[in-house]
Amino acid sequence: MTKKPHVVVVGAGAFGGWTALALVRGGARVTLLDAWGPGNSRASSGGETRVIRATYGPRAIYTRLATRALALWQEHERRWRRQFYYPIGVLWLVEDDDAYEQAALPVLAEAAVPVEKLTGSETARRYPQINCERVRWALYEPHGGYLSARLACAAVLDAVRAEGGEYRQLAVTPEPPAAGALGGVRLSDGTTLVADHYVFACGPWLGTLFPDVIGDRVRPTRQEVYFFGTPPGDQRFTEAALPVWADHRAHFMYGIPGNAGRGFKVADDTRGPPFEPTGDDRLPTAATLAAAREYLAFRFPGLAGAPLLEARVCQYENSPDEHFIIDRHPQAANAWLVGGGSGHGFKHGPAVGELVARLVLQGATPDPAFRLARFAR
């Protein structure tokens, strides 16, 4: 009998959890490790909700990846009989600069992603609760929407265990590579774990674990998210009446209505200041809250003065070009580095996991857009 390859996956978030599951299904013996657990409050995959959309301007690789990921989300909803995907649509509001949305149109058409192009007046008639005074046109993705984040991470871990994988909640330090390979990982319980292959999907900690190879090629930034209260009995600001919205006005704002009753979510996609994900406090700032309130009053006048119900401080882990990093460690052929989600990674988790499992088990080469060699250029 052929011995199953043993793969250690470090990180039980969107990339690591789905990779572990795909590896188990691919015939590997898998040990999944995480310091605090899937979807924990420090993790980039934590929190309640994430947007799923296929519009990526000219970056066709992510449109294709998102399309595959959506099919996998739907497949696993049927398999597990649980809902994670809420297909309420995504509405892209366009004022002046429309280069991103215009570049996306042929890419979406080629990927057979259905979209609807609305004029400003059509958008205002369909969504009178949105101030469309300056909106020239809008792009609507009917199959877009949002995903349950923390709950999905926990469900993936349940599946890893149910299908034969092992999970241990421990912190990890990789051994230095020697003779072209990684020899093991030291665990916080004092033991060392040795495997045939290693996958490090460590989110904002990837640069800390590999300062020479990754370093500041993954830069954690502080990002604040707010949930505002809607008027009692007012359905205009629920997901029954509004899609997810994305707004390239002065800078990129986005939000999700409803959020399973948590409130009207508003977030600024602008990269925040540097953030240390382990030790920094996660208290929202008055200035960022004031900016969110000002935006809310402008774009959704009916929510002017809405009470703040909840606030979260999370982080992006940004690569310099906002492409993912999926590549072998240059000094360890049996170790893969997976990260650089750059604020848009969660939705792609099932497709990234499928891709990484194929790379590990079949020895394939990743797309040049994901490889570390691009930084040398």
Side-chain angles (χ1 to χ4, degrees), residues 14-15 18 50-75 85-120 122-123 126 135-147 243-249 251-256 267 269-271 316 318-327 338-356 358-359 364-371 374 377:
F15 287 178
W18 283 105
R50 295 292 187 279
V51 175
I52 182 166
R53 41 95 178 188
T55 296
Y56 266 93
R59 291 187 162 185
I61 191 169
Y62 294 106
T63 296
R64 294 192 298 269
L65 204 63
T67 302
R68 176 58 182 160
L70 177 56
L72 290 169
W73 281 110
Q74 293 172 311
E75 175 191 319
Y85 162 57
Y86 295 81
I88 65 173
V90 174
L91 181 70
W92 295 81
L93 301 170
V94 179
E95 289 191 352
D96 298 320
D97 183 3
D98 64 355
Y100 185 88
E101 290 80 7
Q102 290 287 8
L105 288 171
V107 176
L108 293 164
E110 184 178 353
V113 176
V115 293
E116 186 178 0
K117 191 174 179 180
L118 305 172
T119 66
E122 288 171 337
T123 308
R126 185 179 295 188
V135 174
R136 293 194 294 118
W137 64 282
L139 184 66
Y140 178 66
E141 284 186 63
H143 292 172
Y146 72 90
L147 300 160
V244 172
W245 45 270
D247 190 348
H248 279 141
R249 192 177 165 232
H251 45 87
F252 185 30
M253 302 287 292
Y254 71 95
I256 303 174
D269 191 61
T270 305
R271 273 45 180 168
Y316 289 167
N318 307 286
S319 72
D321 56 8
E322 297 182 13
H323 277 300
F324 299 160
I325 295 170
I326 302 174
D327 204 357
V338 180
S342 302
H344 65 101
F346 185 89
K347 71 181 80 62
H348 298 290
V352 168
E354 183 180 67
L355 168 63
V356 175
R358 186 165 62 247
L359 295 172
T365 301
D367 190 284
F370 301 146
R371 299 199 66 186
R374 73 187 195 263
R377 295 194 297 270

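Since the structure is predicted, the reported quantities are computational estimates derived from the model, not experimental observations.
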For R271 and N318: C-alpha separation, side-chain torsions, deciding distance, then whether side chain to side chain contact (heavy atoms under 4.5 Å, CB included) applies.
CA-CA 9 Å; R271 273 45 180 168; N318 307 286; 3.0 Å; yes
Between F370 and F324, what is the ring plane arrangement, given parallel below 30°, perpendicular above 60°, and tilted in between?
parallel
With sequence neighbours excluded, tell me which residues meet salt bridge (Lys or Arg N to Asp or Glu O under 4.0 Å) with R358.
none
On a heavy-atom basis, which atom in V90 and which in I52 lie closest, and how many Å separate them?
CG2-O, 3.6 Å
Step by step, would you call Y56 with I61 a side chain to side chain contact (heavy atoms under 4.5 Å, CB included)?
CA-CA 9 Å; Y56 266 93; I61 191 169; over 6 Å; no
Residues in salt bridge (Lys or Arg N to Asp or Glu O under 4.0 Å) with R68, at least two apart?
E354
Considering all heavy atoms of both residues, which atom of A54 and which atom of L108 are nearest to each other, and what is their separation?
O-CD2, 3.5 Å
Do D269 and Y316 have side chains that get closer than 4.5 Å, going by heavy atoms?
yes
Closest contact, heavy atoms only, H348 versus A69:
CA-CB, 3.9 Å
What do the steps show when you test E122 against K117 for salt bridge (charged side-chain N to carboxylate O under 4.0 Å, His left out), and what is the final call?
CA-CA 9 Å; E122 288 171 337; K117 191 174 179 180; over 6 Å; no
Between R136 (side chain only) and V94 (backbone N and O only), is there a donor and an acceptor less than 3.5 Å apart?
no
Taking the side chain as C-beta and beyond, is there a heavy-atom pair between W73 and P350 under 4.5 Å?
yes
R59 vs E322, test: side chain to side chain contact (heavy atoms under 4.5 Å, CB included). Steps then yes/no.
CA-CA 11 Å; R59 291 187 162 185; E322 297 182 13; 4.1 Å; yes
Just so I know, are the side chains of F252 and D247 near enough to count as touching, which here means a heavy-atom distance under 4.5 Å?
no
Is the distance between the ring centroids of W92 and Y100 under 6.0 Å?
yes
Got more than 12 heavy atoms from elsewhere within 6.0 Å of NE2, H323?
yes
Enumerate the residue pairs fulfilling salt bridge (charged side-chain N to carboxylate O under 4.0 Å, His left out) with a member in residues 103-112, sequence neighbours excluded, ordered by first and then second residue.
none
Rounded distance [0.5 Å steps], CD1 in I256 versus OH in Y146
7.5 Å
Criterion side chain to side chain contact (heavy atoms under 4.5 Å, CB included) on M253 and H251, from CA distance to verdict
CA-CA 6 Å; M253 302 287 292; H251 45 87; 3.7 Å; yes
E101-W137 side chain donor-acceptor pair, cut-off 3.5 Å
no
Name the orientation class of the two ring planes belonging to H344 and Y62 (parallel below 30°, tilted from 30 to 60°, perpendicular beyond 60°).
perpendicular
Looking only at heavy atoms, which two atoms of A138 and L91 are closest? And how far apart?
CB-CD1, 3.8 Å
Search all heavy atoms of P243 against all heavy atoms of I88 and return the closest pair with its distance.
CB-O, 3.3 Å
For K347 and V51, the nearest pair of non-hydrogen atoms, with its separation, is CE-O, 3.4 Å
